[in-house]
Amino acid sequence: MKRLSVAAMAISMLALPYAAHAQFAKPEDAVKYRQSALSVMGTHFGRIGAVVKGEKPYDKASVEQDAMLVETLAKLPWHAFTPGSDTANSKAKPEIWKESDKFKSASDKLVAETGKLSAAAKSGSLDTVKTAFGGVGQSCKACHDDFRKK
Ligand code: ASC
């Protein structure tokens, strides 16, 4: 009995990434989740942007914290683009589901660029942060151009 429940748990854990869509009761919940993650990510990215633009003084610890949050949040939205969640309150284009490989590449690219931003923030070099910030911004824009309704 005990062995069986451990096995069942292991199987359900293995299945977890593939059943991510089942974690949202309604398409609207998935939309709310991804919009929330993207919104908070934008807030922290914007805080680094203010430093990059020279509007705020450079503080290594703050930029590191913001970059860590951007890196973490960048991993969240994608599993919430569940089939059928291109609802009225969403700007998601149908291409997200029609060109899912391309969408996956675009989201992987963002995750990779946010990793570079985190590393740059840890380095303590503002110039390195500026370069990495640009890379993340380009990834945001590329995905918005192709996959977000205007
Ligand atoms: C931001 C933000 C975005 C991106 C994008 C980059 O600060 O909120 O959506 O940068 O504008 O092109």
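Just so it is clear, the model here is predicted, and its values are computed rather than measured. As the structure lists them, so they are numbered: ligands from 1, and atoms in each ligand from 1. The first residue in the sequence is number 1, and the count goes up from there.
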Novice: Distance to 0.1 Å, residue and atom name: give those for the protein heavy atom nearest to atom 8 (O) of ligand 1.
Specialist: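 Answer, as residue, atom name and distance: Gly42 CA, 4.2 Å.
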
Novice: Go through ligand 1 atom by atom and flag the ones less than 4.0 Å from a non-hydrogen atom of Gly137.
Specialist: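 Close to Gly137: 6 (C), 12 (O).
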
Novice: Looking at Asp29 and Lys32, is there a salt bridge between them, counting it only when a charged N and a carboxylate O are closer than 4.0 Å?
Specialist: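 Salt bridge: no.
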
Novice: Considering only heavy atoms of Cys140, which atoms of ligand 1 have at least one such atom less than 4.0 Å away?
Specialist: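 Under 4.0 Å from Cys140, ligand 1 has these atoms: 4 (C), 5 (C), 6 (C).
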
Novice: Going by atom types only, do Glu71 and Ser118 share a side-chain donor-acceptor pair under 3.5 Å?
Specialist: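 Result is yes, a qualifying pair exists.
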
Novice: Does atom NZ (Lys56) have a neighbourhood of more than 12 heavy atoms from anything else shown, all under 6.0 Å?
Specialist: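 It does not: Lys56 NZ has 12 such atoms or fewer within range.
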
Novice: Tell me yes or no: between the side chains of Asn89 and Thr87, is some donor less than 3.5 Å from an acceptor?
Specialist: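 Yes.
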
Novice: Is any heavy atom of the protein nearer than 4.0 Å to atom 11 (O) of ligand 1?
Specialist: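 Protein heavy atoms within 4.0 Å of atom 11 (O) of ligand 1 - there are none.
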
Novice: Measure the distance from atom 9 (O) of ligand 1 to every protein heavy atom, then report the residue, atom name and distance (to 0.1 Å) of the closest one.
Specialist: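 Checking every protein heavy atom, the shortest distance to atom 9 (O) of ligand 1 gives His144 CE1, 3.1 Å.
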
Novice: How far is atom 7 (O) of ligand 1 from its nearest protein heavy atom, and which residue and atom name does that atom have?
Specialist: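 Going atom by atom, the protein heavy atom closest to atom 7 (O) of ligand 1 ends up being Phe45 CD2, 3.4 Å.
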
Novice: Mind checking whether Trp78 and Phe103 have ring centres under 6.0 Å apart?
Specialist: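 Centroid distance Trp78-Phe103: below 6.0 Å, so yes.
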
